[in-house]
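Presented below is the structure to which this report refers.
Reminder, nothing fancy here: chain letters follow the sequence lines and each chain counts from 1.
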2 protein chains.
Amino acid sequence: MDVFQAVADPVRRSMVERLADRGEVTAGELAELAAERFGIRQPTASKHLKVLREAGLVTSTADAQRRVYRLDPGPLDELAGWAARQTRFWAGRLDALERHLENDHDGSTS
Amino acid sequence: MDVFQAVADPVRRSMVERLADRGEVTAGELAELAAERFGIRQPTASKHLKVLREAGLVTSTADAQRRVYRLDPGPLDELAGWAARQTRFWAGRLDALERHLENDHDGSTS
DNA sequence: CCCGTACTTTGCCATACAGCTATATAGCTG
DNA sequence: CAGCTATATAGCTGTATGGCAAAGTACGGG
């Protein structure tokens, strides 16, 4: 699953936000968070973590039975970059568009 | 459907990219693009446009039978902002994380 | 070495969603 | 106004995905 799909789910976004906030978080804490906010069970949370892992958004390392998760900024940068690029266009031509809309109102061409 | 879900689909992303590139594009052109790139039919493309509209990513105006679509930068900015915020954290603490990983290797605690 | 803790995996169901064809709507054009 | 063009809607279907409970795996402690 790609990054766009991975962050399409609010549960997974909330997990990403927690990781961004705390840096390192165990699977258990993330599951608890998901339980509180969305009322989902631990195995479901684990499934979401798997999706995040496969999308490359997070990595996990074992600490005894605990799995410690952390963000990988790469895919998020890609996402931010894509979204930013789509709007950068408008910065350049926004006034042109506005002029066009104005012209539409008065109907005259200068 | 929210912005995250809307851009989760590659067909819709390609439409957004085209709109970012051209500014104003008719439904027909967008359908043609989707047909070429993804082999999908006109009604399916129309459905995708509806999703983009409902997510607030695009607006459309009528020009005779044509529907002219254009991007609304607002939701895209939100998206870019969200993704950027999740990574901004790392900028601040990245070196701390790296130190932590180094310590893990040698196993000693200072 | 067996039990509890911490997760992941498996197998199952329901719903959401993308795709299709066929049809409806709307506006130009002859 | 008939018919073509442009687009949207309706109705249907297959598959993907999210949710659950139950079972499997792995580790540390008594």
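Of the candidate nucleotides D:dT9, D:dT7, C:dC7, C:dC7 has the atom nearest to the side chain of A:Arg67.
OP1 and OP2 of D:dA6 both lie 4.0 Å or more from every side-chain N or O belonging to B:Tyr69. OP1 and OP2 of C:dG4 both lie 4.0 Å or more from every side-chain N or O belonging to A:Gln65. Of the side-chain N and O atoms in B:Gln5, one or more sit less than 4.0 angstrom from OP1 or OP2 of C:dC17. For the OP1/OP2 pair of D:dT7 and a distance below 4.0 Å, the side-chain nitrogens and oxygens of B:Ser46 include no atom meeting the criterion. The phosphate of C:dA6 has OP1 or OP2 within less than 4.0 Å of a side-chain N or O from A:Arg66. Residue B:His48 has no polar side-chain atom (N or O) positioned under 4.0 Å from OP1 or OP2 of C:dC17. In terms of phosphate contacts, B:Arg41 brings a side-chain nitrogen or oxygen within less than 4.0 Å of OP1 or OP2 of C:dT21. The shortest distance between the side-chain N/O atoms of B:Thr44 and the OP1/OP2 oxygens of C:dA18 is not below 4.0 Å.
Straight-line distance from the CD atom of B:Gln42 to the P atom of C:dC20: 11 Å, rounded to whole Å. Remark: P of D:dA26 and CG of A:Asp63 are 17 Å apart, rounded to the nearest angstrom. One atom, CG of B:Leu49, and another, P of C:dG19, lie 12 Å apart when rounded to the nearest Å. Atoms NZ (B:Lys47) and P (D:dT7) sit 19 Å apart, rounded to a whole Å. Straight-line distance from the CD atom of B:Glu32 to the P atom of D:dA6: 10 Å, rounded to whole Å. The CE-P distance, from A:Met1 to C:dC17, rounds to 13 Å in whole Å. For the pair B:Asp9 CG and D:dT15 P, the interatomic distance rounds to 18 Å; values are reported in whole Å. Rounded to whole angstrom, the span from the CZ atom of B:Arg13 across to the C1' atom of C:dA18 amounts to 15 Å.
The base-pairing partner of C:dC13, taking Watson-Crick or G-U wobble contacts with both distances under 3.5 Å, is D:dG18.
Smallest separation of non-hydrogen atoms from B:Pro75 and B:Ala55: CG-O, 4.1 Å. When all heavy atoms of A:Gly23 and A:Arg70 are compared, the pair lying nearest together is O-CB, 3.4 Å. In this structure, A:Ala80 and B:Ala84 approach most closely via the heavy-atom pair CB-N, 3.9 Å.
Here CZ of A:Arg53 is found 3.5 Å from OH of A:Tyr69. Values are rounded to the nearest 0.5 Å.
For the pair A:Arg13 and B:Asp2, the minimum side-chain heavy-atom distance is below 4.5 Å.
If A:Ile40 and B:Val68 are placed on DNA chain D by their nearest nucleotide, the residue sitting closer to the 5' end is B:Val68.
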